[in-house]
Protein chains: 2
Amino acid sequence: MTPDYNKLSMKMHKKYAGKIETNLKVPLNNTHDLSIAYTPGVAEPCREIAKDEEKGKTLTWRKNLVAVITDGSAVLGLGNIGAAAGMPVMEGKCALFKKFANVDAIPICIKTQDTEEIIHIIKNLEPSFGGINLEDISAPRCFEIERRLKEELHIPVFHDDQHGTAVVTLAALTNALKIIKKKISEVKIVFSGAGAAGIAITKLLLAAGAKNIIVCDSKGAISNNRTDLNAAKSAIEKQTNPKNESGNLKEVIKKADVFIGVSAPNILDSSDITHMEANAIVFAMSNPTPEIMPDEAKKGGAAIIATGRSDYPNQVNNVLVFPGIFRGVFDSGKTEINEKMLLSAAKALAEHVQKPSSEKILPGVFDTGVSDIIAEAVK
Amino acid sequence: MTPDYNKLSMKMHKKYAGKIETNLKVPLNNTHDLSIAYTPGVAEPCREIAKDEEKGKTLTWRKNLVAVITDGSAVLGLGNIGAAAGMPVMEGKCALFKKFANVDAIPICIKTQDTEEIIHIIKNLEPSFGGINLEDISAPRCFEIERRLKEELHIPVFHDDQHGTAVVTLAALTNALKIIKKKISEVKIVFSGAGAAGIAITKLLLAAGAKNIIVCDSKGAISNNRTDLNAAKSAIEKQTNPKNESGNLKEVIKKADVFIGVSAPNILDSSDITHMEANAIVFAMSNPTPEIMPDEAKKGGAAIIATGRSDYPNQVNNVLVFPGIFRGVFDSGKTEINEKMLLSAAKALAEHVQKPSSEKILPGVFDTGVSDIIAEAVK
């Protein structure tokens, strides 16, 4: 029987008041220690940074510090629950940063959901952090926030819901295609979901060589017949759907080699999979309930199935990626995270699975060395 | 020989990259742990907080978390060195919070020095923290920022440069007066310094029963003849200087029982002390160089001398106060820090010295139990 994780989680959060804490990393046991860590000695690093702000990134905890920032507008599968209610997830994310890559991380929950205000606030907080991980901010606002911060800040900015998901999905797809012996440049890939994750995965697959992708949102395939597209969807339309197919998901999924879902639960059934090409790859990553349950996908003939869940094989989990990404940029002093790094990270992650099989296309979350190989790839 | 603390401090900051880090306080060793600390279990505390935001203060690390916030406008004795350069001091302060009262604290350095923008940003960050410690923000801006945040936020707000300094000074004065057998209501107290600390100490001494205080700024005594006073000085003028004395510090210090300096180095000499009443009390707290060096004050006949320095007796150090203040409010779930609490804290701190003497009017920084008795007093 599956434990009642809701109940266990409430009990734990009540008992410990969250999951992270701060700690000293230098001794503070007598006035000598105090004179070094605090006055009068501390004046010296202050003066050094006042002369050259860049030194703030090596003489303070900023060197290893990422802020996990949300406005609470798209938290997990819970939707727009607000900044305060997003804290348990952000704190959990910070715990994962520390656990898997020894990156210090603090949660920052911002009350406003106004795009310009969020950008303004984060810009003013730049001297506090070494890097920024945007989290659970709804699309399309998240694209503008990320783009502007990348442009205007001098520290690395990463939106994990986009790029973490994209890297782990590309790694999974790389191994899945290897197993069934198809090439990314030749397969037809159909997406369900054109939010932050869907669009970012699409872009990274294109960069990795995919040529035939159709992205569907809740109204069906994104084609140039559509007149209701926002800027992000409109941009993606220009790079996808080469035959300009129209229709809903169940129509365009016919003859697809790969289905990637980052959308809503239970929108496909086994007959939809039956209409895909032989050796279908089905990544149904809606959380906690996938677009199609693994058993149902298998019934329809899927050769390789992945979900976001830990209770089925092939969990597509961002935690394989984001800790190592920041470990890599902090260790190498990089100030941006670009597409080339993401492609390298995906390649390294795929190669970390020594013998990929239909039940093992990704490393496990607790496999050793994962964040190290990601960090190396980023450097 | 005194060690070169500047050099030792630079070496330490380079080696460790600062002084604090984050840490896990719950296990995260397998998928079971992950399901409790993160998905799917974490959804439950999120939902609870979405229903009632107040629960965010007990179900997350906010329960024990203070943000140490600066704009870098008045850092130590270094002046307006900016947000990035303020970080080593803020991080040190956070280390002290943890060391002396097991309070988690994170440094937040805000780039803008515009009062309204700072207020706006901090208000938007409220869902991230359990309490706010304003630090090293220049006067008179700090008064407005503190006042507005106290009014508009539902978490405790404390400006340590004002109130921490005021509490420890009142405690020191209480014991000093006990030793020389004078009453606070009967002594003439002359201040040098009408910034954040000077004004806050003045207010707390008035609340503790002082009746005859003269505050001097760099232009001399604040009296109702002055036409150049800002709002904060003007307000303090109405409560001080009962005989409306004019003149510079060296004039009005004559016949004073107590001198309290929070201003500039070396502005008094032994002859000034000679002109004070017998058994003069001299708190020369300018840092690192006092308004008058202890030896010089003694030569002038001072009975009790205190400074901000650790290398002389009677160090008046805020670290005796701020950790315990937040320990107290967090343990009791209080949402404000008021004057009554500050008076209780000062009383408790004074009483913690079992046998006050001219060389021991305050507990030492590393004396055990200090933050506990402050926390108890606040509750």
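Lettering of chains follows the sequences in order, A, B, ..., and the numbering in each one begins at 1.
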Verify side-chain contact (heavy atoms from CB on, under 4.5 Å) between B:Leu34 and A:Leu96, making sure each step is shown before the conclusion.
-> CA-CA 9 Å; B:Leu34 261 186; A:Leu96 300 178; 3.3 Å; yes

Is there a side-chain contact (heavy atoms from CB on, under 4.5 Å) between B:Val26 and A:Lys15 once you walk through the steps?
-> CA-CA 10 Å; B:Val26 298; A:Lys15 181 169 174 189; over 6 Å; no

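Contact annotation for A:Gln315: neither backbone nor side-chain heavy atoms come within less than 4.5 Å of a heavy atom of chain B. For A:Asn29, the parts sitting under 4.5 Å from any heavy atom of chain B are the backbone and the side chain alike. For A:Asn64, no part sits under 4.5 Å from any heavy atom of chain B, backbone or side chain. Using a 4.5 Å cut-off between heavy atoms, A:Thr58 contacts chain B through its backbone alone, with no side-chain atom that close. Neither the backbone nor the side chain of A:Arg309 comes within less than 4.5 Å of any heavy atom of chain B. The contact between A:Tyr16 and chain B is made by backbone and side chain atoms together, counting heavy-atom distances below 4.5 Å. Heavy atoms closer than 4.5 Å to chain B are found in both the backbone and the side chain of A:Pro88. With a 4.5 Å cut-off on non-hydrogen atoms, A:Val89 touches chain B through its backbone and its side chain both.
Side-chain contact between B:Leu28 and A:Lys98 is absent, with no heavy atoms from C-beta onward closer than 4.5 Å. No side-chain heavy atom of B:Leu59 sits less than 4.5 Å from a side-chain heavy atom of A:Met87. Under the 4.5 Å side-chain criterion, counting only non-hydrogen atoms from C-beta, B:Ile81 is in contact with A:Cys46. Under the 4.5 Å side-chain criterion, counting only non-hydrogen atoms from C-beta, A:Leu24 is in contact with B:Lys99. The closest side-chain heavy-atom distance from B:Met90 to A:Thr60 is not below 4.5 Å.
Of all the listed residues (A:Leu65, A:Leu125, A:Thr39), the one sharing the greatest number of non-hydrogen pairs under 4.5 Å with chain B is A:Leu125. Across B:Gly364, B:Gly82, B:Gly77, B:Ala105, the residue that shares the most heavy-atom pairs under 4.5 angstrom with chain A is B:Ala105. Of the listed residues (B:Ala50, B:Ala17, B:Gly56, B:Gly18), the one with the most heavy-atom contacts under 4.5 Å to chain A is B:Ala17. Ranked by heavy-atom pairs under 4.5 Å with chain B, the first of A:Gly308, A:Cys94, A:Ala95 is A:Ala95. If you tally non-hydrogen atom pairs under 4.5 Å between each of A:Lys63, A:Glu21, A:His13 and chain B, the highest count goes to A:Glu21. Highest contact tally toward chain A, considering only B:Ile106, B:Val103, B:Asn102, B:Asp52, is held by B:Ile106 [criterion: heavy-atom pairs under 4.5 Å]. Contact count versus chain A (heavy atoms, under 4.5 Å) is highest, among B:Ile121, B:Asn30, B:Leu76, for B:Asn30. Of the listed residues (A:Ala37, A:Gly72, A:Ala83, A:Pro3), the one with the most heavy-atom contacts under 4.5 Å to chain B is A:Ala37. If you tally non-hydrogen atom pairs under 4.5 Å between each of A:Ala67, A:Ser310, A:Pro107 and chain B, the highest count goes to A:Pro107. Counting heavy-atom pairs closer than 4.5 Å to chain A, the top-ranked of the candidates B:Thr31, B:Ile49, B:Ile20, B:Val42 is B:Ile20. Taking chain A as the reference chain and counting heavy-atom pairs below 4.5 Å, the highest number among B:Asn287, B:Asp4, B:Val319, B:Thr112 is found for B:Thr112.
Note on residues 106-137 of chain B: no pairs pass ring-ring contact (aromatic ring centres under 6.0 Å, His included), not counting sequence neighbours.
Summarising the geometry, atom CG belonging to B:Asn317 is positioned 8.0 Å from atom OH belonging to A:Tyr38; distances are rounded to the nearest 0.5 Å. Expressed to the nearest 0.5 Å, how far NZ of B:Lys55 lies from CE of A:Met10 amounts to 6.0 Å. Atom CG of B:Asn6 sits about 10.0 Å away from atom CD of A:Glu48, to the nearest 0.5 Å. For the atom pair OG1 (A:Thr22) and NZ (B:Lys19), the distance works out to 13.5 Å, reported to the nearest 0.5 Å. To the nearest 0.5 Å, atom NZ of residue A:Lys11 and atom CD1 of residue B:Ile36 are 9.5 Å apart.
A donor-acceptor pair is defined here as one N or O able to donate and one able to accept, closer than 3.5 Å; no such pair exists between the side chain of A:Asn124 and the backbone of B:Ile110. Looking only at distances, a side-chain donor or acceptor of A:Glu91 sits under 3.5 Å from a matching main-chain atom of B:Trp61. Remark: side-chain polar atoms of B:Lys123 are not paired, donor with acceptor, to backbone N or O of A:Lys111 under 3.5 angstrom. A distance-only check finds no donor-acceptor pair linking the side chain of B:Glu53 to the backbone of A:Ala84 [under 3.5 Å].
Applying the salt bridge (charged side-chain N to carboxylate O under 4.0 Å, His left out) test to B:Arg141 and every residue at least two apart in sequence or in another chain returns B:Asp71.
The neighbour count for B:Phe100 CZ, taken as heavy atoms of other residues, nucleotides or ligands under 6.0 Å away, is above 12.
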